[in-house]
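Only one structure is covered here, and it is reproduced in the block below.
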Amino acid sequence: MSENGQHYHTIEEELNQRDDWARRRRKGIPNNRQLMVVACMDERIPIEEALDIDLGDAHIFRNAGGKVTDDVIRSAALSTNFFDTKEIIVVNHTDCGMMSAPDSAVVEGLKQQAGGSLEDVDLNPALPELNLGGASIEDWVYMTDDIDEAARQQIEYLRSHPLIPDDVEVHGYIYEVESGELRRPGERISAKINTREAS
Ligand SMILES: [Zn+2]
């Protein structure tokens with residue numbers, strides 16, 4: 001400590017810290033919070049601010065809807081099994097684009113873009129075996145009617161997936177774009193205080 005109470009690192013400590021930062025993965029050092037975050041790509045979610053995390057704190061995966069897709073499973077499997085991640089947080093949000101268009105419009109739009117059918121369209125250029133086949137385009141796009149229900153489903157997918165260890169904690173929250181607050185799925189404070197059955 002210096003006179004004004006500030007802590008100074010020695011050069012030796014400084015160099016060690018820089019080495020740890022640069023070679024974290026090779027040294028087997030987890031991220032600071034041992035945390036992975038799955039969130040919607042929506043530009044209105046300040047994900048670090050909402051979760052009070054900083055650079056170095058978490059693995060962050062964002063996609064359309066904050067859905068547990070095959071690449072979320074791939075990334076979560078690697079993060080939890082090899083990089084010591086102990087918790088996964090899923091963040092969905094109000095007014096999500098996944099609720100804004102009817103399924104049929106999205107399906108038709110994509111079909112048209114693909115020239116009629118999505119059956120043989122590559123979903124992953126590196127894995128030509130991976131195509132939709134007979135699966136429904138709606139299911140692949142993950143359009144959603146009820147964001148709270150969708151959030152619960154994403155949490156359940158991760159909790160029950162065989163590639164995610166059982167001791168990994170999975171939590172999910174809804175980010176309200178209108179208030180800038182997080183809440184648990186199904187827990188609307190305004191609904192509680194605005195209705196007679198409120199408790
Ligand atoms: Zn969204």
Side-chain angles (χ1 to χ4, degrees), residues 31 33 35-55 57-80 85 87-114 118 121-125 130-132 135-161 163-164 168-192 194:
N31 67 51
R33 302 269 184 111
L35 173 68
M36 177 176 173
V37 177
V38 178
C40 185
M41 65 184 184
D42 196 289
E43 72 278 17
R44 291 165 295 176
I45 309 176
I47 196 69
E48 283 92 349
E49 189 191 308
L51 295 172
D52 195 21
I53 56 177
D54 242 316
L55 182 69
D57 283 350
H59 294 151
I60 301 181
F61 192 118
R62 301 187 70 164
N63 65 16
K67 303 297 185 182
V68 178
T69 59
D70 57 335
D71 204 10
V72 167
I73 295 293
R74 182 184 73 91
S75 303
L78 294 173
S79 186
T80 56
T85 291
E87 183 184 8
I88 303 173
I89 291 179
V90 178
V91 180
N92 294 150
H93 67 104
T94 54
D95 193 47
C96 187
M98 308 309 295
M99 300 188 289
S100 63
D103 290 7
S104 55
V106 173
V107 169
E108 280 317 308
L110 291 174
K111 273 187 181 165
Q112 232 173 52
Q113 173 61 34
L118 252 63
V121 169
D122 278 352
L123 297 182
N124 179 339
L130 209 65
N131 57 44
L132 271 188
S136 88
I137 300 171
E138 285 94 326
D139 288 348
W140 176 67
V141 174
Y142 288 78
M143 295 304 285
T144 298
D145 289 330
D146 178 336
I147 200 65
D148 293 78
E149 191 42 46
R152 283 199 204 93
Q153 203 174 49
Q154 307 316 303
I155 297 164
E156 194 43 45
Y157 286 153
L158 285 169
R159 280 191 183 144
S160 59
H161 199 278
L163 290 176
I164 311 297
V168 169
E169 298 252 359
V170 184
H171 299 287
Y173 305 102
I174 307 292
Y175 177 82
E176 297 184 327
V177 293
E178 61 274 31
S179 67
E181 300 287 335
L182 285 174
R183 61 170 171 78
R184 294 193 186 91
E187 276 186 23
R188 289 187 191 80
I189 295 173
S190 58
K192 276 187 191 170
N194 289 337

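Predicted, not measured: the structure shown is a model, and the values here were computed from it. In listed order, ligands and their atoms are each counted from 1. Excluded from the calculations below are hydrogen atoms, water molecules and symmetry mates; all remaining heavy atoms, backbone and side chain alike, are included.
In summary, Asp146 and Arg152 do not engage in a salt bridge, as defined by a charged side-chain N under 4.0 Å from a carboxylate O. We find that Glu176 and Arg183 are joined by a salt bridge, their nearest charged nitrogen and carboxylate oxygen being less than 4.0 Å apart.
Around the Zn ion (ligand 1), the protein atoms of type N, O or S that sit closer than 2.8 Å are Cys40 SG, His93 NE2, Cys96 SG.
Annotation for Thr69 and Tyr142: closest pair CA-OH, 3.6 Å, computed over non-hydrogen atoms. What you find for Pro185 and Ile174 is that their closest heavy atoms are CA-CG1, 3.9 Å.
Remark: Arg44 engages Asp42, Asp95 in a side-chain hydrogen bond (donor to acceptor under 3.5 Å, both in side chains) (not counting sequence neighbours).
The main-chain N or O of Ser75 is never found under 3.5 Å from a side-chain atom of Ser79 such that the two would form a donor-acceptor pair.
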